[in-house]
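Here the structure comes first, spelled out in structure tokens, and everything after it is commentary.
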Number of protein chains: 2
Amino acid sequence: MNHRIILPENEMPNKWYNVLPDLPEPLPPPLHPETLEPIEPEQLAPIFPMSLIEQEVSSMPWVPIPEPVMEVYRLYRPTPLVRAHRLEAAIGTRAKIYYKNESVSPAGSHKPNTAIPQAYYNKTEGVRRISTETGAGQWGTALSFACKMFGLQCTVYMVRCSYEQKPYRGILIRAYGAEVFPSPSERTRFGRHLLETDPHCGGSLGVAISEAIEDAVSRGDTKYALGSVLNHVILHQTITGLETKKQLEMAGEKPDILIGCVGGGSNFAGLVLPFVPDKLSGKPMRFVAVEPQACPTLTRGEYRYDYGDVARLTPLLKMHTLGHNFFPPPIHSGGLRYHGESPILSHIAKLGLVEARAYYQTEVFEAAMLFLQTEGFLPAPETSHAIKATIDIARDAAPGTVITFLYSGHGLLDLGAYDTYLRGDLKDEEYSAEDIQEALKACPNVGF
Amino acid sequence: MNHRIILPENEMPNKWYNVLPDLPEPLPPPLHPETLEPIEPEQLAPIFPMSLIEQEVSSMPWVPIPEPVMEVYRLYRPTPLVRAHRLEAAIGTRAKIYYKNESVSPAGSHKPNTAIPQAYYNKTEGVRRISTETGAGQWGTALSFACKMFGLQCTVYMVRCSYEQKPYRGILIRAYGAEVFPSPSERTRFGRHLLETDPHCGGSLGVAISEAIEDAVSRGDTKYALGSVLNHVILHQTITGLETKKQLEMAGEKPDILIGCVGGGSNFAGLVLPFVPDKLSGKPMRFVAVEPQACPTLTRGEYRYDYGDVARLTPLLKMHTLGHNFFPPPIHSGGLRYHGESPILSHIAKLGLVEARAYYQTEVFEAAMLFLQTEGFLPAPETSHAIKATIDIARDAAPGTVITFLYSGHGLLDLGAYDTYLRGDLKDEEYSAEDIQEALKACPNVGF
């Protein structure tokens, strides 16, 4: 009875998978934030290197992974697919639970899968410095690590409430040689403007993105990097789904149900997209996206054009959104506090390929404790959303059903949140239909 | 060019290796703390279960690993042996550097290798609760995890200065369902006595051991567990060396130099003991033990009988010691702050099989930063002693020399220490020959 399905190093996928050419409908294009017309690739050049822009709009089904990227991937990839025998026994399910363990990366999450190629492509195009935002700190850690691997400077704007909740994240980012500032910060015009209005503003991913973009466009040597949402990020993350597919085959298992938590959508999409052609060809398969009730983008947002950031610097993306001014409460799953959603994920959800569910953080931490006390490992609060859904689905599943979830990160730098939970001080928040409608009013009125 | 040598799950060793029957001289016996006569096994029964006492005095060369222990080992074992290509390149060495990565366990270190069997054997003998000490918190975390796996209660006395330096450790121990108290505590007579003398006493492993033993002997349902030093602990840790041996063979490499950090000695001994017969039979091989200058047991202590704890509750062990009253300064490598040393390790050092070296913590953190910024992973401060020695030895090594060190734990819960280092606030301490002689006066005058 094997616990871990290990893919040999020489079978690590050497191409990323682009789902777009396999979908029955094209993805609605991004729009220029001022003209509201479809944006030309070169208009993105001030913030991204050309090779990433090409990937953003690529219609090639497979994109080769450059050897220098493979070389850094091999520090932690292929990652294990693990059978959670003890969790199954504790639930009393006869379904089989597997988890794809991305927490084994140096940064402790799936985020290096895209941070490494993003740093690499910037380096090859002569960029010297990258600016970015981070929520819980997973992405900032991953990009700092990746920039150090390729000799780039890195500046991270970290959502202030997470910066204060998770002091160890900032230290780790600095240890990788990057600089990190709580956002909103005094370093950008937009940050200063927000701090004037509210000196205690806890920030949001949408705000931190605005600051990081302002930082990049105001300097000639700097580009911007995003850790989720965009097509090229999702492309890089497909390595997890491609590996999982091979590993399930090695174990002789069918992928009945795939589960992942959703903030911007990159870990979930990375896991499920390589299985989309199978589902489209009629194989019975469920893709379950799990989000927090405190930021219910897929379950309660609308599918429409919106900005990716609060300052409206990004192109308009067609996506599930709660409105770009939406400030989620400071829940401990900082990585899921984003008002929008990956356009690809939103698109395949519209095509009927995805189920979504939302949970409160208290029940999510209960699920995390059950995982910890059976499988031994401490999950990130974000990841624990996937665990909660897995437990609920496994309880009702037919014997032999194969459930695979993406274990997106460990929670070792989230122990402050666990302390709050163990003391009984964790709070749940909820929105009325009116709250959501009010937030959505900020979306621009774009007709298609 | 492989990065990670992965042992298939079905090749995980199913026996531990006992080096004692293979040594040319017998190990000096433990002595009763009052009579100073060799202690009878049954005299240890108030604090340990009989199956562990039998392992403590066993002369069998191989001890089978029970299947329930194997089952929990498989949550993280076999662990990878990793080639540190990027570290090699940064040093500019043509030696080959491998590290055996024990940080992948649920507790983040090698400690579960013995915590799991100790919890298991206690469980099979009807014990309901285990008390223990912990320094940096690695052992307390590991035993809490192991107790949860077998349904035992667990109480941890954590050295106060580490308890305060590393708050996340205490939270993780509680999340596994155990209770943890800073030591010296008000819960034991010995703790109260120390706090009366010095209310700000930072504690030591020797003090915490005294409290944990007092806790165990004062209750009928409780036994005590030790995370290092004793023969049965070292026995369980040999699984790392046995796996390493197979993995080096898989990679076609000779084990030229083996390196580990030393506190009580269990991770170092676990790595090297399975190679002792080869070295005794004449194969050229170096075993390098690395300790802190702040607690220089092997390099500056004496090989003689001493107590394992400050309150003199333990048997006398013949070992390298600085005297049981020695209070090391509160360096960040809390796991290396022990006045004594494993009797087996001390014995093989006396037989000429071990080289020892000592480093200051500032140079150790410098080595940790180089590892982090090349290999990507954050090592524990304890582990970084082995990294520092590896770097120094690799710089001078002949091309092709194979250097393997034990990566005993990650440093993700030690980020407070890294913060101190990054701010430039780390201090080194040193002892004069007179300081050491003064501390050694506490050792009892036992003639053999």
Side-chain angles (χ1 to χ4, degrees), chain A residues 1-10 71-78 80 82-86 101 104-108 112 116 141 145-146 148-149 167-172 174-177 368-369 372-378 410-423, chain B residues 1-10 71-78 80 82-86 101 104-108 112 116 141 145-146 148-149 167-172 174-177 368-369 372-378 410-423:
Chain A
M1 192 158 76
N2 270 333
H3 285 67
R4 289 178 297 158
I5 319 297
I6 307 285
L7 197 64
E9 200 165 298
N10 58 14
E71 198 62 26
V72 182
Y73 273 177
R74 289 192 196 102
L75 290 174
Y76 65 98
R77 304 209 71 87
V82 188
R83 176 85 183 268
H85 289 292
R86 298 177 70 94
N101 190 355
V104 300
S105 81
I116 295 163
T141 309
F145 152 70
K148 177 53 71 177
M149 293 298 109
Y168 278 16
R169 277 283 167 203
I171 302 167
L172 184 52
R174 285 191 195 97
Y176 281 123
M369 291 297 290
L372 174 74
Q373 297 193 349
T374 53
E375 293 295 313
F377 291 93
L378 185 77
H410 65 66
L412 292 170
L413 302 187
D414 300 281
L415 277 161
Y418 281 92
D419 195 31
T420 307
Y421 170 79
L422 291 169
R423 291 171 191 275
Chain B
M1 193 157 77
N2 270 333
H3 286 69
R4 290 178 296 158
I5 318 297
I6 308 285
L7 198 63
E9 200 165 297
N10 58 13
E71 197 62 27
V72 182
Y73 273 176
R74 288 191 197 104
L75 290 174
Y76 65 99
R77 303 209 71 86
V82 188
R83 175 86 182 268
H85 289 292
R86 299 177 70 93
N101 190 356
V104 300
S105 81
I116 295 162
T141 309
F145 152 70
K148 177 53 71 176
M149 293 299 108
Y168 277 16
R169 276 282 166 203
I171 302 167
L172 184 52
R174 286 191 194 97
Y176 280 123
M369 291 298 290
L372 174 73
Q373 298 194 347
T374 53
E375 294 295 314
F377 292 94
L378 186 77
H410 65 64
L412 292 170
L413 303 187
D414 301 281
L415 277 161
Y418 280 91
D419 195 31
T420 307
Y421 170 79
L422 290 170
R423 291 170 191 276

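As the structure is a computational prediction, the values presented were derived from the model and not from experiment. Below, chain A is the first sequence line, B the second, and so on; all start at residue 1.
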Open item on the list: If you define the side chain from C-beta out and look only at heavy atoms, does anything of B/Val72 sit under 4.5 Å from A/Arg86?
Closed with: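 Heavy-atom side-chain distance check passes, below 4.5 Å.
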
TODO: Could you check if a side-chain atom of A/Leu422 sits within less than 4.5 angstrom of a side-chain atom of B/Ile171, using non-hydrogen atoms only?
DONE: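 In short, these two side chains touch, coming nearer than 4.5 Å.
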
TODO: Identify which of B/Ala368, B/Pro80, B/Ala175, B/Ala107 forms the greatest number of heavy-atom pairs closer than 4.5 Å to chain A.
DONE: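 Among the listed options, the one with the most contacts to chain A is B/Ala175.
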
Open item on the list: Looking at chain A, which one of B/Thr374, B/Asn10, B/Val82 has the largest number of heavy-atom pairs inside 4.5 Å, strictly under?
Closed with: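 So the answer, after comparing B/Thr374, B/Asn10, B/Val82, is B/Thr374.
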
Open item on the list: If I compare all heavy atoms of B/Pro106 with all of A/Gly376, which pair ends up nearest, and what's the gap?
Closed with: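 Heavy-atom minimum between the residues: CB-O, 3.2 Å.
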
With a 4.5 angstrom heavy-atom cut-off, which part of [X] approaches chain B: side chain, backbone, both or neither?
{"X": "A/Tyr421", "result": "neither"}
{"X": "A/Leu413", "result": "both"}
{"X": "A/Phe145", "result": "side chain"}
{"X": "A/Ile6", "result": "side chain"}
{"X": "A/Leu412", "result": "both"}
{"X": "A/Met149", "result": "both"}

TODO: Could you go through the side-chain contact (heavy atoms from CB on, under 4.5 Å) check for A/Leu415 and B/Leu172 one step at a time?
DONE: CA-CA 7 Å; A/Leu415 277 161; B/Leu172 184 52; 4.1 Å; yes

- [ ] Can you tell which part of B/Leu75 gets under 4.5 Å to a heavy atom of chain A, answering side chain, backbone, both or neither?
- [x]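 Backbone plus side chain of B/Leu75, per the 4.5 Å heavy-atom cut-off to chain A.
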
Open item on the list: Once rounded to the nearest 0.5 Å, what's the spacing between atom CG of A/Asp419 and atom CZ of B/Arg174?
Closed with: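 CZ of B/Arg174 is found 7.0 Å from CG of A/Asp419.
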
Open item on the list: Just verifying a value: how many Å separate B/His85 NE2 and A/Arg74 CZ, rounded to the nearest 0.5 Å?
Closed with: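 Here the rounded value is 9.0 Å.
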
Task: Under 3.5 Å donor-acceptor, B/Glu9 side chain and A/Arg4 backbone - done: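 Checked: pair present.
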
Task: Among A/Phe377, A/Tyr168, A/Tyr176, residue most engaged with chain B (heavy-atom pairs, under 4.5 Å) - done: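 Between A/Phe377, A/Tyr168, A/Tyr176, the count favours A/Tyr168.
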
